[in-house]
Amino acid sequence: MNKVHNFSAGPGILPAEVLKQASEACINFDNMNLSLLEISHRSKNYEKVMDEARSIVKELFEVGDEYEVLYLGGGASMQFAMIPYNLLRENGTAAYVNTGVWASKAIKEAKMIGNTNVIASSEDKKFTYIPKGYDIPKDADYLHITSNNTIYGTQLKQFPKSPIPLVCDMSSDIFSRKINAKDFDVIYAGAQKNMGPAGSTMIMVKKDALGKTGRKMLSMLDYQVHIKGGSMYNTPPVFPIYVSLLTLQWLKKNGGIAWIEKINQQKADLLYNEIDRNALFFGTVEKEDRSNMNVCFLLHKQELEAEFDKLWKEANISGIRGHRDVGGYRASLYNALPLESVQVLVDVMKEFEKKFA
Ligand SMILES: *Cc1c(COP(=O)(O)O)cnc(C)c1O
């Protein structure tokens, strides 16, 4: 089998050893001679998975018991509703920064629940930069930001110093770089970009941020209900949680976030340097806001796309077609993508330049 270089934007690449362990668990989990897919989530063997999946997040983020970790279904999109539902007081206001499609969807849901104030936006330039230097209203219940904009390829290099609780959608760059997790009241991420397969969403929430809305809460939408149930108020997405745990164990074993951050920087530098050097390509966003996870680039001569496509497909590259909103190309450099794959792409770009520049 030829190795495929998988630049998929999401669901994204997972470590090969994780896929192997996961497939073994489908047949014989934890030496039970049963599949992980056919046992009770209340079994001792699975409770261990859930406990570890929750504690490893706190360990990697270096936070203590003031935080709780949940794994819920519904994707990051479900959190667009659960965040305001759990944090926005009935007469309060929520502040949002609009940096792309996902942030816009989060804003849309928040508006359904209460007063929502969009305090900064980069929509004026098609989300090709990160707004900076805006004032954060001190009387808002929280500020919601998106750390990495998967579709447009921008990333917050510096988080705002917020006088109010900070809530962050980290779906596409969670555990990719060092952050000060204690600066956040809520961090959430759909697992399928950078920490596991689709089907579960990780939410890390500061306990004392909850219970203040004055709202009567539906059980399934109430973080406190899920916390009380140990993330098992109802049947959790058992398999996606297990595979997320394996992925985080892989990260920890290899040296944790400090290790991966270095490699992610090397990967991003390698590709952006080639985009800037190569006469045929250009990047689509402000240089200082370039994402280390999703690298968006276009051809100066769009008519050469079919030729470029042929070359990268021959090199066993997969998943670099751009999102339909941006066009061109998007290479996603998630944690599990090796530097070697980026080198293959860069070599293809150089070969393409030789032929067509
Ligand atoms: C993919 C993505 C989402 C949506 O995730 P779902 O799990 O599909 O709901 C939200 N935010 C960001 C930043 C994303 O990249």
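None of the values given here were measured: they were computed from a predicted structure. The figures that follow rest on heavy atoms only: side chains count, while hydrogens, waters and symmetry mates do not. Note that ligands are numbered from 1 as they come in the structure, with each ligand's atoms numbered from 1 the same way.
Dense packing is recorded around CE of M32, with more than 12 heavy atoms of other residues, nucleotides or ligands lying under 6.0 Å away. Counting heavy-atom neighbours within 6.0 Å of Q302 CD, excluding the residue itself, gives a total of 12 or less. Enclosure of atom NZ in K301 is not indicated, since only 12 or fewer non-hydrogen atoms of other residues, nucleotides or ligands lie within 6.0 angstrom.
Of the N or O atoms in G74, none lie within a sub-3.5 Å distance of an N or O in ligand 1. Checked against a 3.5 angstrom limit, the closest N/O atoms of T150 and ligand 1 fall inside it. Geometrically, ligand 1 and K193 share a nitrogen or oxygen pair separated by less than 3.5 Å.
Side chain to side chain, N45 and S43 fail the donor-acceptor criterion of an N or O pair below 3.5 Å. Between the side chains of N294 and Y152, no donor-acceptor pair of N or O atoms lies under 3.5 Å. Looking at S318 and N6, their side chains never bring a donor and an acceptor atom within 3.5 Å of each other.
Of the protein's non-hydrogen atoms, S77 OG, 2.6 Å is the one closest to atom 9 (O) of ligand 1. When hydrogens are left out, the protein atom nearest atom 5 (O) of ligand 1 is A76 CB, 3.5 Å; that is the closest non-hydrogen contact. The protein heavy atom nearest to atom 4 (C) of ligand 1 is W102 CZ3, 3.5 Å. With hydrogens left out, the protein atom closest to atom 11 (N) of ligand 1 is D169 OD2, 2.6 Å, a heavy atom.
Two rings, from F159 and F184, have their centers less than 6.0 Å apart.
Contact annotation for Y188 and ligand 1: no heavy atom of the residue comes within less than 4.0 Å of the ligand. Only the backbone of N148 comes within contact range of ligand 1, with a heavy atom under 4.0 Å; no side-chain atom does. Contact annotation: for Q192 versus ligand 1, heavy atoms closer than 4.0 Å belong to the side chain alone.
For ligand 1, the atoms sitting less than 4.0 Å from at least one non-hydrogen atom of G75 are 7 (O), 9 (O), numbered in the order shown with element in parentheses.
Residue-ligand proximity: N149 is placed with every non-hydrogen atom at 4.0 Å or more from ligand 1.
Between the side chain of N86 and the backbone N or O of Y223, at least one donor-acceptor pair lies under 3.5 Å.
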